[in-house]
Participant: 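Take a look at this one; I'll ask things after.
Within every chain, numbering begins at 1; the chains are lettered A, B, ... in the order of the sequence lines, protein sequences first and strands thereafter. Remember, predicted model here, so these are calculated numbers, not experimental data.
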Amino acid sequence: MKNSLLNYTIHLADNAHILGHRLGEWCGHGPILEQDIAMTNISLDLIGQARSLYQYAAEIEGRGRTEDDIAYLRDAWDFRNVLLVEQPNGDFGKTMVRQFLFDAYNFLFYKELKNSNDQQLAAIAEKSLKEVTYHQRFSSEWVIRLGDGTEVSHEKVQNALNDLWMYTGELFVMNDFEKDMTNNGTGVDLEKLKPLWQEKVDYILKTATLAKPQNDWMQSGGKTGRHSEHLGFILAEMQFMQKTYPGQVW
Amino acid sequence: MKNNWPLWEVFIRSKQGLHHKHAGSLHAADAQMAIENARDVYTRRNEGISIWVVESDKITASKPEENPELFEPAADKIYRHPTFYDMPDEVKHM
Amino acid sequence: MADLNSLEAKFQEKIDNEIKIEPKDWMPEKYRQTLIRQISQHAHSEVVGMLPEGNWITRAPSLRRKVALLAKIQDEAGHGLYLYSAAETLGVERDDLIEQLHTGKAKYSSIFNYPTLTWADIGAVGWLVDGAAIMNQVMLTRTSYGPYSRAMVRICKEESFHQRQGYEILLTLSRGSEDQKRMLQDAVNRFWWPSLMMFGPSDKDSVHTAQAMKWKIKRKTNDELRQQFVDVCVDQARILGVTLPDPNLKWNEERGHYDFSEIDWDEFWNVVKGNGPCNKQRMDARIKAHEEGAWVREAAMAYAEKQAKRRKEETTQVA
């Protein structure tokens, strides 16, 4: 059980961390200063969430490791984030679609996790929910704007949506550690979230005049450590200092 | 195509009980976005609990060259100020 | 013409009496142009300045360092924004200013044309580059143009953590391994002289200084600020245990200041002209971000217009 709780916490931390990292790549390159600042805010929220979760994971593990040990000293197969969050930024439209698909899930998720019988997770959820509520609002609005904006923007976000759609199934596939956590009242039953997520996504896509992709083949593997090729490159960059100069204080 | 986002003026209330105060300006495509941009740009350090935005060109301002007729006539109406009136020292707190 | 003269005299009188100039006030055209040039140059510097530090966001060595760096670079975007806003009160549009940057008509601080090669550079940028910038910015909080002065007050408030952040990075390195100490010294070696160059040409070669001082746009000369910067850095360097790369740096009892070597002005002018290590990369990155963002900005505007039209139709139908 302790192992499941650890994996569960790391899974949540990795989701936030990797997505926060991706958004951080935008800093200085946004389409306009105002949106550059906005994306960094979301990135900071997410990395902040990841830190709380890694710290808790270190505590559960009880081996004296730190948040950074967990973040920087694992290889891709030990990362438990969903595939969606590690997908490359692409253009601003793709980043917003990725963000929206994840935010819509994350919002529902934290809303439930607030009721966890694990007090630490419940507290993190409570704090994160406020941030995620704003993220969802922000990314939904952008998906609508771009979908219902110009012909060019419509086509770009539609393509992005088509590309990213196959990574959404995994959000709701429960792995062993998630089942364990749901059974003992700590985790969130993802099956229950799925119809709510569908409803939200349908509504936003419709408002954005975007067509819901029809392909139902879904990729999965992130939660068990089988990632897309992208994660390795993220880690190569992210962990460069820690790997080149092991054991130093920064 | 040149179709820039309009400029908005941002007013922030820093805490309950205080006026909204001009914080600065920014660009946004619409009012909703202006509020959100203002939140991200001007309240990153807990500076606010309420935001007003208004498109800059919707503001009507007085002209500096009208200052003599607008504002200077108020300068000599000293009877509007409490210090204009003599009070004996015994009268406290009035 | 007499009119213009008396307006100018009144204007100068206000300046002399420390009365701030506000956007709608009469001002000499040259004052307006000087401000537009200086404020936009300052704004461009903030925005281009995001790039060298941005290099290290994805490679920051700890999560704590990563959030601090992100927040700092985000502040710089904010500062760019405040400054563009201040410039816009003078009757120019941000987009035109950005175009001037992208076509090379407008300048930005040359320091950002130097590369950030190691993590220690992020510390050195914070300590030296932000340190030099703050000297200048504190002075500018008292500048004569109201919107510029207000923007600078806000910026200075926010900047105060930037230099500390950089110094703390270096302090940590100074207490670390041989590799870390080497990284630290190397970064200081590379950033020391370019930081001194940030104050601009020597007073005797500065074409703008005299008029800018008279109008109180600037309140101290380039050389005064540079000296002030050198004086404070010496002790800070000692605490870090680094050597500032100048054999002639020594205390001058008589002047009450540190003496230092002549700046390599050839290098300075060369980088200004576009021949620094990263001039091209920096401009390419800015132009790319702007051009690739064009469809996003257009779409948002198109959507806003559609929405406004829809709302109007709804009201007409109700009526």
Participant: Is there side-chain contact between A/Glu155 and C/Trp295, with at least one heavy-atom pair below 4.5 Å?
Facilitator: no
Participant: Has C/Arg286 got a side-chain atom pairing as donor or acceptor with A/Gly28's backbone, closer than 3.5 angstrom?
Facilitator: yes
Participant: Which atoms of C/Leu63 come close to chain A, meaning under 4.5 Å heavy atom to heavy atom: side chain ones, backbone ones, both, or neither?
Facilitator: both
Participant: Which residue out of C/Met50, C/Gln74, C/Glu53 racks up the most heavy-atom pairs below 4.5 Å with chain A?
Facilitator: C/Gln74
Participant: Give, as side chain, backbone, both or neither, the part of C/Ile57 having an atom under 4.5 angstrom from any heavy atom of chain A.
Facilitator: side chain
Participant: Answer yes or no: is there an ion pair linking C/Arg310 with A/Asp148, defined by an N-O contact shorter than 4.0 Å?
Facilitator: yes
Participant: Quick check for you: among C/Ala302, C/Pro61, C/Ala289, which has the greatest number of heavy-atom pairs under 4.5 Å with chain A?
Facilitator: C/Pro61
Participant: Using heavy-atom distances under 4.5 Å, tell me whether A/Trp142 contacts chain C through its side chain, its backbone, both, or neither.
Facilitator: side chain
Participant: Of the listed residues (C/Arg64, C/Glu291, C/Glu305, C/Glu168), which shares the most heavy-atom pairs with chain A below a 4.5 Å separation?
Facilitator: C/Arg64
Participant: If I measure from the heavy atoms of chain A, does C/Arg297 come under 4.5 Å with its side chain, its backbone, both, or neither?
Facilitator: side chain
Participant: Let me know if C/Ala60 has heavy atoms under 4.5 Å from chain A in its side chain, its backbone, both or neither.
Facilitator: backbone
Participant: Looking at C/Glu298 and A/Lys156, does any basic side-chain N land under 4.0 Å from a carboxylate oxygen?
Facilitator: no
Participant: Do C/Lys288 and A/His29 have side-chain N/O donor and acceptor atoms under 3.5 Å apart?
Facilitator: no
Participant: Assess, by modelled atom type and distance only, whether the side chains of C/Ser177 and A/Gln248 contain a donor and an acceptor separated by less than 3.5 Å.
Facilitator: yes
Participant: Answer with side chain, backbone, both or neither: which region of A/Glu237 has an atom nearer than 4.5 Å to a non-hydrogen atom of chain C?
Facilitator: both
Participant: What heavy-atom pair brings C/Arg59 and A/Phe240 nearest, and what distance separates the two atoms?
Facilitator: CD-CD2, 4.1 Å
Participant: Tell me, side chain or backbone of C/Glu292 under 4.5 Å from chain A's heavy atoms, or both, or neither?
Facilitator: neither
Participant: Checking heavy atoms, do the side chain of A/His154, its backbone, both or neither come under 4.5 Å from chain C?
Facilitator: neither
Participant: Any donor-acceptor pair under 3.5 Å linking the side chain of C/Gln180 with the backbone of A/Val249?
Facilitator: yes
Participant: Go through the atoms of C/Arg94 and report whether side chain, backbone, both or neither lie under 4.5 Å from a heavy atom of chain A.
Facilitator: side chain
Participant: Among A/Val152, A/Asp91, A/Asp36, A/Ile234, single out the residue with the greatest number of heavy-atom pairs under 4.5 Å to chain C.
Facilitator: A/Asp91
Participant: Might you point out which heavy atoms bring A/Leu146 and C/Ala299 nearest each other, and give the distance in Å?
Facilitator: CD2-CB, 3.8 Å
Participant: Heavy-atom distance under 4.5 Å to chain C: side chain of A/Ile144, backbone, both or neither?
Facilitator: both
Participant: With only heavy atoms counted, which part of C/Val47 is less than 4.5 Å from chain A, the side chain, the backbone, both or neither?
Facilitator: side chain
Participant: Tell me which of these, C/Ile98, C/Asp179, C/Ile73, has more heavy-atom pairs under 4.5 Å with chain A than the rest.
Facilitator: C/Asp179
Participant: Check each atom of C/Leu173 against the heavy atoms of chain A and say whether the ones under 4.5 Å are side chain, backbone, both or neither.
Facilitator: side chain
Participant: Name the member of C/Ala304, C/Ser62, C/Gly54 that forms the most heavy-atom pairs with chain A at distances under 4.5 Å.
Facilitator: C/Ser62
